[in-house]
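Beneath this line is the structure, given in C-alpha cells, with notes to follow.
In what follows, every heavy atom counts, from backbone to side chain, and hydrogens, waters and symmetry copies are set aside.
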Amino acid sequence: MDTVQDSEQPRSATLRNSADDPPPPATARDEDVPSGTPSERAYLHLRDRLLAGGFPLTRRLGEERLATLIGVSRTPVRHALIRLHGEGLVARHPEGGYRPAVADPQDIAALYEARRTLEIGSLWGPTETGRRHDLGQLAVLREEWERMRRELPPAEAGFVATDEDFHVRLAGAAGNDVMVELLKSVNARIRVVRIHDFLTEDRIEETVDEHLQLLTAVMADLPAEAERIFRAHLAKSKAVAEERALRAIARMAALG
C-alpha cells in the first residue's frame with residue numbers, strides 16, 4: 001500500500017513523533033460486548049495486535065491457535081473475527097477463515113476525498129441557503145469536548161468512534177440528513193485506516209483542540225475559517241493514519 005499524498009495538506013500540518021512507533025493501544029470498554037467477557041477480551045487482543053502488525057500478512061488466523069494464545073475457547077475468537085471482518089481489519093482467507101486485511105490505497109484516497117467534500121459541504125451549506133447551523137446542538141457538542149479537553153481520554157483505537165460521532169453531529173447541525181447518512185457510510189468504510197490515528201496521547205490532545213477550534217469557527221458563522229481548520233485537521237489525521245497503517249503492514253509482511 002503506497003501512501004496517498006494529499007495535495008491540499010497545509011504546509012503547517014506537521015506530524016508529531018512521526019518517527020516513533022506508537023505503543024500498543026490500551027484496551028477499552030466496547031458498547032457491543034459486556035466488559036470483561038471472553039468475547040470482548042478476544043476482540044480487544046486481536047484488534048490491538050492487528051493494529052500493531054503482530055500477525056503474518058498472508059497466514060490464516062486459525063481459531064484454535066488464537067484461542068490458546070488468548071486463553072479463551074474458540075467461540076469468542078470466532079465472534080471476535082466476525083466483528084473484525086465487519087470493521088475491515090481482517091479479510092477472508094482463500095482456504096477459509098480470515099487473514100489480516102490490507103486496505104486498497106485507491107479506495108482509501110477516494111474515501112478521504114468523499115469525506116472532505118461532504119464535510120466542507122456541511123460547513124458551507126447553511127450559509128449558502130441563508131440559514132445557520134443549529135447552535136443548540138453545537139453548544140452541547142462543545143460542552144462535551146471542552147470537558148474532554150479537561151480530562152483527556154486514553155489513547156486507544158476505540159477513540160475513532162468518538163471522533164466519528166463529533167463529525168457526524170457537526171454535519172447534522174447543518175440540517176442536511178442525506179449528507180449525514182452519506183458521511184456515516186464513508187466513515188464506516190474508511191475506519192480501517194482511521195483507527196490508526198488515535199494510538200498516542202499527542203494525537204488525542206491535538207484532535208480535541210482542533211475539534212474545539214472548528215466548533216468556534218462554525219458557531220461564529222465563519223465558514224471560510226472553519227474550512228481552513230478542517231482541511232488542516234483532515235490532512236494531518238490522514239497522514240498519521242496512513243503512515244501507521246503502512247508500518248503495521250510492513251511488520252506483518254516481514255513475519256511472512
Side-chain angles (χ1 to χ4, degrees), residues 1 24-67 69-70 72-115 118 153 155-169 171 180-199 237-238 241-242 244-246 248-249 251-252:
M1 173 178 171
T27 60
R29 179 186 296 268
D30 189 279
E31 295 179 355
D32 298 330
V33 182
S35 178
T37 65
S39 292
E40 186 192 16
R41 286 195 290 116
Y43 166 75
L44 292 173
H45 181 103
L46 295 175
R47 183 198 68 182
D48 294 352
R49 186 160 174 174
L50 284 162
L51 290 174
F55 292 108
L57 190 58
T58 59
R59 190 178 304 171
R60 182 173 173 272
L61 296 168
E63 291 179 5
E64 186 172 350
R65 179 171 55 86
L66 294 176
L69 175 69
I70 301 169
V72 297
S73 67
R74 291 180 61 177
T75 299
V77 170
R78 186 177 304 118
H79 291 166
L81 289 170
I82 291 171
R83 284 181 66 188
L84 292 164
H85 182 250
E87 294 173 355
L89 287 173
V90 298
R92 292 287 186 181
H93 193 281
E95 299 176 1
Y98 299 96
R99 61 170 176 78
V102 178
D104 183 278
Q106 292 184 340
D107 287 347
I108 295 302
L111 287 166
Y112 267 105
E113 182 179 354
R115 182 187 167 198
L118 288 168
E156 59 99 13
F159 187 80
V160 70
T162 303
D163 182 81
E164 288 178 3
D165 176 73
F166 171 87
H167 288 280
V168 166
R169 290 165 66 186
V180 169
E181 291 306 311
L182 290 171
L183 180 59
K184 288 180 180 179
S185 176
V186 170
N187 283 341
R189 295 176 61 190
I190 208 171
R191 189 177 300 132
V192 64
V193 170
R194 293 195 63 244
I195 201 170
H196 288 268
D197 186 25
F198 304 109
L199 306 184
S237 174
K238 178 174 181 285
E242 284 185 339
R244 290 176 178 171
L246 282 170
I249 291 171
R251 292 189 198 104
M252 290 188 286

Are the charged groups of [X] and [Y] less than 4.0 angstrom apart, N to O?
X	Y	answer
Glu156	Arg47	yes
Arg191	Glu164	yes
Glu63	Arg78	yes

State which residues pass side chain to side chain donor-acceptor pair (under 3.5 Å) with Asp107; sequence neighbours excluded, sorted by chain then number.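 For Asp107, no residue satisfies side chain to side chain donor-acceptor pair (under 3.5 Å) once neighbours in sequence are set aside.
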Residues forming a side chain to side chain donor-acceptor pair (under 3.5 Å) with Asn187, sequence neighbours excluded: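 Once residues adjacent in sequence are excluded, Asn187 has no partner under the side chain to side chain donor-acceptor pair (under 3.5 Å) criterion.
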Do you know which two heavy atoms are closest between [X] and [Y], and how far apart they sit?
X	Y	result
His196	Ala248	CE1-CB, 4.1 Å
Ala42	Pro76	CB-O, 3.8 Å
Ile108	Ile190	O-CD1, 4.3 Å
Gly88	Ala101	O-CB, 3.3 Å
Val193	Ala103	CG2-CB, 4.0 Å
Met252	Pro100	SD-CB, 3.5 Å

State, with a plain yes or no, whether a side-chain heavy atom of [X] is found less than 4.5 Å away from one of [Y].
X	Y	value
Arg49	Phe55	yes
Glu87	Val192	no
Leu183	Arg115	yes
Arg60	Arg65	no
Tyr112	Arg194	yes
Pro153	Thr162	no

Report the distance from atom [atom1] of [X] to atom [atom2] of [Y], rounding to the nearest 0.5 Å.
X	Y	atom1	atom2	value
Leu46	Arg83	CG	CZ	10.5 Å
Lys184	Leu118	NZ	CG	13.0 Å
Leu51	Leu89	CG	CG	5.5 Å
Leu199	Arg244	CG	CZ	5.5 Å
Leu111	Lys238	CG	NZ	11.0 Å
Ser39	Leu44	OG	CG	10.5 Å

Checking Leu66 against His45 for the side chain to side chain contact (heavy atoms under 4.5 Å, CB included) test, could you report, in this order, the C-alpha distance in whole Å, the side-chain angles of both residues, the deciding distance, and whether it holds? CA-CA 10 Å; Leu66 294 176; His45 181 103; over 6 Å; no
Verify the neighbour count for atom CZ of Arg59: are there more than 12 heavy atoms of other residues, nucleotides or ligands below 6.0 Å?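 No, CZ of Arg59 has 12 or fewer neighbouring heavy atoms, counting only those of other groups under 6.0 Å.
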If you count the non-hydrogen atoms of other residues, nucleotides and ligands that lie under 6.0 Å from CZ in Arg41, is the total more than 12?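 Check passes, neighbour count above 12.
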Under the side chain to side chain contact (heavy atoms under 4.5 Å, CB included) rule, what do Val160 and Asp197 come out as? Steps first, then yes or no, please. CA-CA 8 Å; Val160 70; Asp197 186 25; over 6 Å; no
Could you name each residue pair satisfying ring pair (Phe, Tyr, Trp, His ring centres under 6.0 Å) that touches residues 81-108, not counting sequence neighbours?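 Qualifying pairs, neighbours excluded: His85-Tyr98.
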Taking Glu40 for the side chain and Gly36 for the main chain, is one N or O donor matched with an acceptor at less than 3.5 Å?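 Checked: pair present.
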